[in-house]
Amino acid sequence: QVRMVETGGGLVQAGGSLTLSCAASGRTDRRYAMGWFRQSPGKEREFVAAIGWSGASTRIGDAVKGRFTISRDTARITVFLRMSSLKPEDTAVYYCAEAFGGSPSEDSSAYSNWGPGTPVTVSS
C-alpha cells in the first residue's frame with residue numbers, strides 16, 4: 001500500500017522561506033505525477049503545484065506563481081515544494097498527493113493517494 005509522507009511544515013515569518021518534502025512510501029513504480037494542495041479553515045482545497053513523473057513538466061498555481069517551485073529528486077521518489085517570500089495568506093495545511101497518471105494536473109480528482117497534511121503558519 002502506498003503511503004504519502006510529508007515533512008517540513010512549521011512556523012515562519014512573513015517574507016521567509018520553507019521547503020516541504022513528500023515521499024511515496026511503498027511505491028516501486030515511480031511513473032506518477034505528484035502534486036501539492038493546501039487548505040485553510042473555511043476555504044476550499046486549493047491547487048498549489050504539480051510535477052510530472054519525469055520532472056520535466058510542472059504546473060504552478062496562480063496564487064503562488066513566482067514564489068513557489070516544485071521539483072523531484074533524480075530517483076523520482078521525493079518531491080520538494082520550495083516556498084519563498086511567504087505571506088500570511090499562505091497559512092494552511094499542505095497536502096501531498098500522487099496522481100493516477102504521469103502528467104501534472106491542477107484537478108484534485110486526478111489524484112489517488114493523499115498524505116495526512118503538514119501545517120504551515122506564516123506570521124506577520
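Values below: every heavy atom of this structure, side chains too, minus hydrogens, waters and symmetry copies. None of the values given here were measured: they were computed from a predicted structure.
Using a 30° and 60° split on the angle between ring planes, Tyr111 and Phe37 fall in the perpendicular class, above 60°.
Of all non-hydrogen atoms in Val2 and Ala24, the two that sit nearest each other are CG1-CB, 4.1 Å. Glu6 and Gly115 make their closest contact through OE2-CA, 3.4 Å (heavy atoms, listed as atom of the first residue, atom of the second, distance).
Inter-residue side-chain proximity for Leu20 and Thr7 is flagged as unmet; no heavy-atom pair is nearer than 4.5 Å. Looking at Tyr94 and Val48, their side chains come closer than 4.5 Å, going by heavy atoms from C-beta outward. Side chains of Cys96 and Met34 form a contact here, defined as non-hydrogen atoms less than 4.5 Å apart. Side-chain contact between Ser25 and Val5 is present, with heavy atoms from C-beta onward closer than 4.5 Å. Taking 4.5 Å as the limit, every side-chain heavy atom of Arg72 sits out of range of all side-chain heavy atoms of Thr78. Ser17 is not listed as a side-chain neighbour of Arg82, based on a closest heavy-atom distance of 4.5 Å or more.
Partner of Glu46 under the side-chain contact (heavy atoms from CB on, under 4.5 Å) criterion, chosen from Arg38, Glu106, Gln39: Arg38.
For the pair Arg45 and Trp114, the cation-pi test (distance below 6.0 Å, angle within 45°) is passed.
Of the possible donor and acceptor atoms, none in the side chain of Thr91 sits under 3.5 Å from a partner among the backbone N and O of Thr121. Remark: side-chain polar atoms of Arg67 are paired, donor with acceptor, to backbone N or O of Ser85 under 3.5 angstrom. Checked by atom type and distance alone, the side chain of Gln13 never pairs as donor or acceptor with a backbone atom of Ser123 at under 3.5 Å.
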Next item on the list: Let me see the working for Tyr32 and Phe100 under ring pair (Phe, Tyr, Trp, His ring centres under 6.0 Å), right down to the final yes or no.
Entry: CA-CA 7 Å; Tyr32 294 91; Phe100 287 104; 8.9 Å; no
Notebook entry, point to check: Hey, mind stepping through Trp36 and Phe68 against ring pair (Phe, Tyr, Trp, His ring centres under 6.0 Å) and telling me if it holds?
Noted result: CA-CA 11 Å; Trp36 287 95; Phe68 291 13; over 10 Å; no
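Here CG of Asp73 is found 5.5 Å from CZ of Phe80. Values are rounded to the nearest 0.5 Å. Here CG of Leu81 is found 7.0 Å from OG1 of Thr69. Values are rounded to the nearest 0.5 Å. The distance from the CG atom of Asn113 to the CD atom of Glu98 is 5.0 Å, given to the nearest 0.5 Å.
Residues meeting the ring pair (Phe, Tyr, Trp, His ring centres under 6.0 Å) test with Tyr95, sequence neighbours left out: none.
Taken together through direct or relayed side-chain contacts under 4.5 Å among Ile, Leu, Val, Met, Phe, Trp and Tyr, Met83 and Val12 form part of one hydrophobic cluster. One hydrophobic cluster, built from ILVMFWY side chains closer than 4.5 Å, holds both Val79 and Ile60. Phe47 and Val93 fall within the same hydrophobic cluster, defined by Ile, Leu, Val, Met, Phe, Trp and Tyr side-chain heavy atoms under 4.5 Å apart, directly or through other members.
A salt bridge does not link Asp90 to Lys87: none of the charged nitrogens lies less than 4.0 Å from a carboxylate oxygen.
Side chain to side chain, Asp107 and Ser105 fail the donor-acceptor criterion of an N or O pair below 3.5 Å.
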